[in-house]
Amino acid sequence: MAPPKVLLGQNRQKSTATLRKGITTRSQNTLLNNVLKQQSSISRDTRAKRKAEISPTKEKSNKRCAFTNITNAITTSLGGQNQPTKKVTQTKSVVESNTVLEKPTDNTVSKIAPAKLKPVPRVKSILKKEDNKTEIANKIVHNKRSIDLEKSEDNSLYVSALEDVSDSMKRTRRSNKIDEKTNEKETEKNETTLSPKEDKVKVSAAALLTAVPERELPEGVQWDFDIENWLDPYQVSHYAMDIFDYLKKRERLFPIDDYMERQICLSQWMRALLVDWMVEVQESFELNHETLYLAVKLVDLYLTKVTVGKETLQLLGAASLFIASKFDERIPPMVEDFLYICDGAYSQRELIKMEMNVLKVVNFDLGIPLSYRFLRRYARCAKVSMPTLTLARYILEHSLMDYTTIRFSDSKMAAAALLLALLMKDLGGWNSTLEYYSGYKLSDIRDICNLLNQGLHKKHKETLKTVHSKYSHKIFFEVAKLPLKETLDI
């Protein structure tokens with residue numbers, strides 16, 4: 001029974017994959033042949049267009065310029081590689097079109113299948129031969145950012161700017177495997193000749209990093225603190241002496257003279273009261289001791305050049321603490337915090353303006369040598385215990401309120417405070433080890449030590465008890481409660 005006309009019209013529009021199962025007629029066979037011919041012609045046309053898009057014309061040649069093709073060999077090789085792949089795609093399309101048919105009749109099999117299923121084994125052999133070429137082309141295209149950045153295999157020394165170095169190294173290693181096999185004997189000879197030199201270089205580099213130098217110490221020096229901690233990177237033993245020698249040289253750049261004669265509205269008592277208030281601020285905000293010492297230095301340096309009234313003295317102290325905290329603290333207090341501790345006596349604009357004035361007077365140089373840093377250095381080199389160091393810190397911080405000590409250098413003040421602490425603890429006097437690391441003899445600091453001892457015997461009013469009460473705590477070993485020396489045997 002023949003199929004109705006409606007189904008025949010649908011079969012004319014649809015492809016061979018949508019044909020129904022059953023008996024086929026001659027008209028259907030002719031339709032199948034026509035459809036296959038149309039598909040093959042369409043595929044051939046499209047492939048011809050692809051060939052025109054990929055391969056360049058033979059008449060024209062690409063120009064050589066920066067960051068583009070080094071040679072034109074890769075484009076010609078790609079053009080030649082694309083041709084055999086077209087045959088593979090043609091045979092694949094033919095096989096797919098034959099496999100689409102479901103349950104063909106004997107007539108269709110006799111006409112279509114035997115003629116076009118014979119080259120199938122040839123297709124497999126062609127694929128095996130051509131797979132290498134297609135894979136190489138895919139690798140080249142994948143490794144390059146664009147066709148313009150492709151390089152030829154012949155000129156392997158040229159590498160484009162945007163090419164990955166790892167990919168180029170892999171290719172050079174593959175190409176060098178043959179050379180390595182042929183030149184094994186020569187490389188072994190070179191390695192035997194170069195290996196002892198390389199070993200010497202490695203040993204010398206390691207020795208430079210771990211070797212401890214030998215120094216000749218003066219007579220009486222018990223130990224070399226820097227050599228003992230040479231391998232500790234946190235001790236900075238390689239250039240610790242140079243650092244503190246440099247800080248000593250910088251002390252003359254920040255001179256402080258007797259400025260109280262020029263300050264009509266101020267007095268020594270008012271300055272001591274300001275320093276006591278600054279110590280209280282440092283304790284309440286839990287600031288570093290370096291912050292306090294730097295702030296006091298900024299106040300003295302500003303007063304040596306600018307005349308200040310009573311109303312702006314506290315503003316100067318707050319601005320100096322604000323600058324020092326931003327220089328030394330990891331998390332400095334806010335502007336509002338300093339305005340709060342001044343009980344709202346100043347506005348934010350006034351505080352920032354005073355900060356600018358202080359920085360201009362100092363010429364924005366905040367690397368001022370501080371006596372607290374020298375004290376820590378001297379105490380560590382002398383291997384002083386923590387209670388003795390805390391006593392020396394108390395003596396040095398107490399001297400900040402004494403106006404008569406501003407004319408001495410910070411390094412001498414630190415040495416005198418440590419000497420007084422040793423005498424108060426009955427741990428001996430100034431020895432050769434301290435003289436070697438500080439650079440000062442006993443005669444250089446004797447007068448300063450006596451002056452510091454006199455300052456401890458002064459009975460201040462209750463308004464200047466902040467430093468004494470601070471170092472009377474157990475955290476500071478209650479060093480402020482230790483008995484004082486009436487006379488010093490120096």
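Sequence positions, counted from 1, serve as the residue numbers for this chain.
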Query raised in the report: Do the ring planes of H238 and W230 sit parallel (below 30°), tilted (30 to 60°) or perpendicular (above 60°)?
Result: tilted
Specify whether Y471 and Y394 have parallel, tilted or perpendicular ring planes, treating 30° as the upper limit for parallel and 60° as the lower limit for perpendicular.
tilted
Rounded distance [0.5 Å steps], [atom1] in [X] versus [atom2] in [Y]:
| X | Y | atom1 | atom2 | result |
| --- | --- | --- | --- | --- |
| D226 | C381 | CG | SG | 6.0 Å |
| L370 | L247 | CG | CG | 8.5 Å |
| E435 | I445 | CD | CD1 | 9.5 Å |
| S371 | L400 | OG | CG | 6.5 Å |
| M354 | I323 | CE | CD1 | 9.5 Å |
| H468 | K481 | NE2 | NZ | 8.5 Å |

How about [X] and [Y]: do any of their side-chain heavy atoms sit closer than 4.5 Å?
| X | Y | value |
| --- | --- | --- |
| I264 | T307 | no |
| T463 | W269 | yes |
| L452 | L419 | no |
| Y346 | Q314 | yes |
| D257 | R262 | yes |
| L389 | L375 | yes |
| R271 | Y259 | yes |
| I368 | L301 | yes |

Keeping the roles fixed (side chain from [X], backbone from [Y]), state whether a donor-acceptor pair exists under 3.5 Å.
| X | Y | answer |
| --- | --- | --- |
| Q263 | L303 | yes |
| Y302 | V308 | no |
| Q268 | Y403 | no |
| D402 | H398 | no |
| T433 | V221 | no |
| N363 | L359 | no |
| S438 | L434 | yes |
| N229 | Q235 | no |
| T304 | I256 | no |
| E329 | N288 | yes |

Please find the pair of heavy atoms, one from [X] and one from [Y], that lie closest to each other, and give the distance.
| X | Y | value |
| --- | --- | --- |
| L339 | L351 | CD2-CD2, 3.9 Å |
| G317 | W277 | C-CZ3, 4.3 Å |
| A421 | I395 | N-CD1, 3.9 Å |
| C265 | M270 | O-SD, 3.7 Å |
| I227 | D224 | CG1-OD2, 3.0 Å |
| T291 | S325 | CG2-N, 3.6 Å |

If only side-chain N and O atoms count, and only distance matters, is there a donor-acceptor pair under 3.5 Å linking [Y] with [X]?
| X | Y | answer |
| --- | --- | --- |
| K353 | Q348 | no |
| S472 | S469 | no |
| S411 | Y440 | yes |

Please say whether more than 12 non-hydrogen atoms of neighbouring residues, nucleotides or ligands are located less than 6.0 Å from [atom1] in [X].
| X | atom1 | answer |
| --- | --- | --- |
| E214 | CD | no |
| R215 | CZ | yes |
| R376 | CZ | no |

Check this for me: does any side-chain nitrogen of one of [X] and [Y] sit under 4.0 Å from a carboxylate oxygen of the other?
| X | Y | value |
| --- | --- | --- |
| D410 | K297 | yes |
| K360 | E355 | no |
| D242 | K248 | no |
| K305 | D300 | no |

Checking E283, E397, E478 against K470 for salt bridge (Lys or Arg N to Asp or Glu O under 4.0 Å), the one that qualifies is E397
- Task: List the steps and the verdict of side chain to side chain contact (heavy atoms under 4.5 Å, CB included) for L266 and M260.
- Result: CA-CA 7 Å; L266 301 181; M260 201 56 70; 4.1 Å; yes
Trace of the salt bridge (charged side-chain N to carboxylate O under 4.0 Å, His left out) decision for D489 with R446
CA-CA 10 Å; D489 298 331; R446 183 184 287 110; over 6 Å; no
Partner of L423 under side-chain contact (heavy atoms from CB on, under 4.5 Å), picked from N453, L488, L418, is L488
Please evaluate residues F285 and F338 with respect to the criterion ring-ring contact (aromatic ring centres under 6.0 Å, His included), reporting the C-alpha separation (whole Å), side-chain torsions for both, the decisive distance (0.1 Å), and the verdict. CA-CA 10 Å; F285 284 167; F338 289 100; 5.8 Å; yes
Do V279 and L292 pass the side chain to side chain contact (heavy atoms under 4.5 Å, CB included) test, and can you show the C-alpha distance, the side-chain angles, and the key distance before you say yes or no? CA-CA 7 Å; V279 173; L292 173 64; 3.7 Å; yes
Aromatic contact, Y437 with Y378 (centres under 6.0 Å):
no
Looking at [Y], is [X] sitting on its ring face, NZ or CZ under 6.0 Å from the six-membered ring centre and within 45 degrees of the normal?
| X | Y | answer |
| --- | --- | --- |
| K412 | F374 | no |
| K326 | F322 | yes |
| K383 | W223 | yes |

Problem set entry | Trace of the side chain to side chain contact (heavy atoms under 4.5 Å, CB included) decision for I490 with C449 | CA-CA 9 Å; I490 302 175; C449 187; 3.9 Å; yes
Between N357 and V306, does a side chain to side chain contact (heavy atoms under 4.5 Å, CB included) hold up when you go through it step by step?
CA-CA 10 Å; N357 293 333; V306 182; over 6 Å; no
